[in-house]
**Student:** 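The structure under discussion is supplied below as structure tokens; questions concerning it will follow.
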Number of protein chains: 2
Amino acid sequence: MERVSIKTIAEQLGISVTAVSLVLNGKERGETSGRVGKEMAEKIRQAAREMNYEPNNLARGLKMGRSETIGLVIADISNLFFANLAFHIQEHAEKFGYGVIITNTNESDLKMEKMTKILERRQVDGFIIVPTEYGEPYVRNLTRRNIPVVLIDRYYPKLNVSAVVIDNYKASREITNNLVESGCRHIGLIIYKSALHHMKERKNGYVDELKDHGLFNPSLIKEVSYSYLSEDIDIAIESLLMKDETIDGIFFATNTLSLMGLKRMLHADPQALSKIKVASFDKSDAFDFMHVTIPYIQQPIPEMGKSAVELLMKQIKTDDKEAVTIKLQAQLEYNKV
Amino acid sequence: MERVSIKTIAEQLGISVTAVSLVLNGKERGETSGRVGKEMAEKIRQAAREMNYEPNNLARGLKMGRSETIGLVIADISNLFFANLAFHIQEHAEKFGYGVIITNTNESDLKMEKMTKILERRQVDGFIIVPTEYGEPYVRNLTRRNIPVVLIDRYYPKLNVSAVVIDNYKASREITNNLVESGCRHIGLIIYKSALHHMKERKNGYVDELKDHGLFNPSLIKEVSYSYLSEDIDIAIESLLMKDETIDGIFFATNTLSLMGLKRMLHADPQALSKIKVASFDKSDAFDFMHVTIPYIQQPIPEMGKSAVELLMKQIKTDDKEAVTIKLQAQLEYNKV
DNA sequence: ATAAAACAATAAAACGTTTTATCAATATTT
DNA sequence: AAATATTGATAAAACGTTTTATTGTTTTAT
């Protein structure tokens, strides 16, 4: 009922709140000031235990000027990739005694602005953000005021802000090369139509690799829009399957794309996978049920979360303003067939 | 740099903080006290806008005794079912001006205790909890102190606390009946070995429905443990496939179980699905790639989230201590084949 | 003209912490 | 015995709000 505060304990014991605060923060042995005797300290600790005292983090945050809370702005928590990322960020933040407030943007720039504002009001000590396509101004707005920010999964190349990403270009080349090595000669790409740099890198990796093998054909690139995903994918798949030179490979740039694309492919032609080899960024549960090998890029999600938290913590604890970009390597893996 | 507070604005305009606070909270037209003139009010609003003032929610929360924050304790955010639930809870809480702090328990009772403590320190106004198997004492610890709590997805039947659940028993009977109606006579069940009430209900639904048809056979129930999931499922599937009376149906009690179970089944026998009909609680992405019809129970996730938030809000705003259990109905659906 | 009512604005206390400066008492050194 | 150090404890300010009680000032009613 009546919340027990430091004051409650002080009154109970007939001493000052200072003493209680000092002891409960392990600062009772100050050099020059703020000392509490051994027996008194023990009495305080015991009282706190008995009364089930839990510190009020609002008050502490107000006083200390930090909330020990991270604001996490995610594009879509119901996408497994991001949900996993959120999970690891949280697990790691906890080790620093930090809590995490998660918010969604649904890839909307407007919501991104709104969410950063809401989190600021809650006095988060820093942000980890999966930024939206045109959210750059809102990120800049934060960094300009020296608020700690780490971007994750994606970043704005022109913006000087810390980020944790993977080498999308390299991974994309690698997996495209894998298709080529397996004998594919006409390889389609299904990718989001987006200004986001990581999407461009995935596209460039595919393009450059195919050019190196003299296999590049711009008409095999299908860009789909996030807003009309289902329709666009249907169109893309159909037009790829109708090509004159029958295509023998498709590279999907995300797991959502591969999931939806595979559905459509197999719906149009149950035998499609025996003629067309598929590769993808990120794994999907469906792969394990395909009877062919599907290479995919496995991103190091736990490390990404860990790095992001650590990068942010460094910014928070020191006021080292230098922007650091951590580029992690992704793995090429295969489903079990 | 220097955070702008209500005081900054007051000084800027050479007036009192009271005036600023009143205006910014729309309380400038008090009946008997706390008035601010029209022109002054406008000046304040403009200054606030120009200076990009954002209120400090820590200070406000401290003063008001509420943080406008919900503590969400989830069993596993990287499970799509819970991720979706979290998403909807958040979307809905936002409409009330509430933020959500999400934490994970990984089904561990210890972590559940820890997480509720952490959230309490952060002064959340209430909890929405997916409780763990033996987490009952920690929930009771909260309700005993009149802290608003809503359980979701699962609940403790003996504990008098608000909850949002689906009618697991009914759904389970329904889907079992569906298998029977399609001609299955030897139907296995793969379910978690757990004391959680909703699991028992799922089991009971299956048992009672089969008994009604004179088809019940206890040796077809396989209980797997959360900690050794992969191994236990392999064993369960194998032993079901080896049965004397060849089984012709399997009911998986969760989407994780069906996903892993299907993998194992198809690995053991690629044609398994032509002999054994499968049904499941919750949908999995894999279903769309099976070439047979798979009935599954679709839980109304958005409504669950909405109801939980609304129930919690009522507890927070009024101090209506009465526990309410909302039992939603789940739908029987089919994959597109 | 005066009393009453309405209006505008503010001072100050409070929420629960942390921390600095200060004080008093005891112990240690000269 | 006096001077100095050490120890134990506290008062008070501050963090940024909200809100109540109070004080002036103007307008309206008598």
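All chains are named by letter (A, B, ...) in the order of the sequence lines, taking the proteins before the strands, and each is independently numbered beginning at 1.
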**Student:** For B:G37 and for B:K63, find the nucleotide of DNA chain C with the closest heavy atom, then tell me which residue's nucleotide is more 5'.
**Tutor:**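 Nearest-nucleotide comparison on DNA chain C picks B:G37.
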
**Student:** From the set D:dG16, D:dT19, D:dT10, return the single nucleotide nearest to any side-chain atom of B:S5.
**Tutor:** D:dG16

**Student:** Quick check for you: to the nearest 0.5 Å, what is the distance between A:K27 atom NZ and A:S21 atom OG?
**Tutor:**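 Spacing of NZ (A:K27) from OG (A:S21) equals 7.5 Å.
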
**Student:** Which is true for A:I15 with a 4.0 Å heavy-atom rule: it touches a base, it touches only sugar-phosphate, or it touches nothing?
**Tutor:**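 If one applies the 4.0 Å heavy-atom cut-off, A:I15 turns out to touch the sugar-phosphate alone, with no base involved.
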
**Student:** For A:N56 and C:dC15, is the shortest distance between a side-chain N/O and OP1 or OP2 below 4.0 Å?
**Tutor:** no

**Student:** Among D:dA9, C:dT17, C:dA9, which nucleotide sits nearest the side chain of A:A59?
**Tutor:** C:dT17

**Student:** To the side chain of A:V17, which of C:dT18, C:dA11, D:dT18 is closest?
**Tutor:** C:dT18

**Student:** Is a donor-acceptor pair below 3.5 Å formed from side chain B:T18 to base C:dA11, judging by atom type as modelled?
**Tutor:** yes

**Student:** Taking any heavy-atom pair under 4.0 Å as a contact, classify B:R35: base, sugar-phosphate, or nothing.
**Tutor:** base

**Student:** Would you classify B:G61 as touching base, sugar-phosphate or nothing, given that sugar-phosphate means primed atoms plus P, OP1 and OP2, and contacts are heavy atoms under 4.0 Å?
**Tutor:** nothing

**Student:** Out of C:dT17, D:dG8, C:dA6, which has the shortest distance to the side chain of A:R29?
**Tutor:**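 Output: D:dG8.
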
**Student:** With a 4.0 Å cut-off on heavy atoms, is A:G65 in touch with a base, just the backbone sugar-phosphate, or nothing at all?
**Tutor:** nothing

**Student:** Using a cut-off of 4.0 Å on non-hydrogen atoms, how would the nucleic acid contact of B:N57 be classed: base, sugar-phosphate, or nothing?
**Tutor:**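 Nothing, no heavy atom under 4.0 Å.
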
**Student:** Could you check which nucleotide pairs with D:dT28 in any of the strands shown, counting Watson-Crick or G-U wobble with both distances under 3.5 Å?
**Tutor:**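 Its partner is C:dA3.
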
**Student:** So which one's nearest nucleotide on DNA chain C is more toward 5', B:L62 or B:E31?
**Tutor:**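 Nearest nucleotide further toward 5': that of B:E31.
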
**Student:** For the side chain of B:S16, counting heavy atoms from C-beta on, which of C:dT10, C:dT18, C:dA9 is nearest?
**Tutor:**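 Within the option list, the nearest is C:dT10.
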
**Student:** Check for a donor-acceptor pair, side chain of A:N84 on one end and backbone N or O of B:S78 on the other, with a separation under 3.5 Å.
**Tutor:**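 Pair absent, no side-chain N/O of A:N84 close to backbone of B:S78.
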
**Student:** Closer than 4.0 Å, any side-chain N/O of A:S21 to the OP1 or OP2 of C:dT17?
**Tutor:** no

**Student:** Would you call A:E94 and B:K114 a salt bridge, using N to O less than 4.0 angstrom?
**Tutor:**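 A salt bridge is present here (some side-chain N lies under 4.0 Å from a carboxylate O).
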
**Student:** Show your reasoning for whether side-chain contact (heavy atoms from CB on, under 4.5 Å) applies to A:V165 and A:I152.
**Tutor:** CA-CA 6 Å; A:V165 294; A:I152 190 164; over 6 Å; no

**Student:** Using a strict 4.0 Å threshold on nitrogen-to-oxygen distance, state whether B:R154 and B:E133 make a salt bridge.
**Tutor:** no

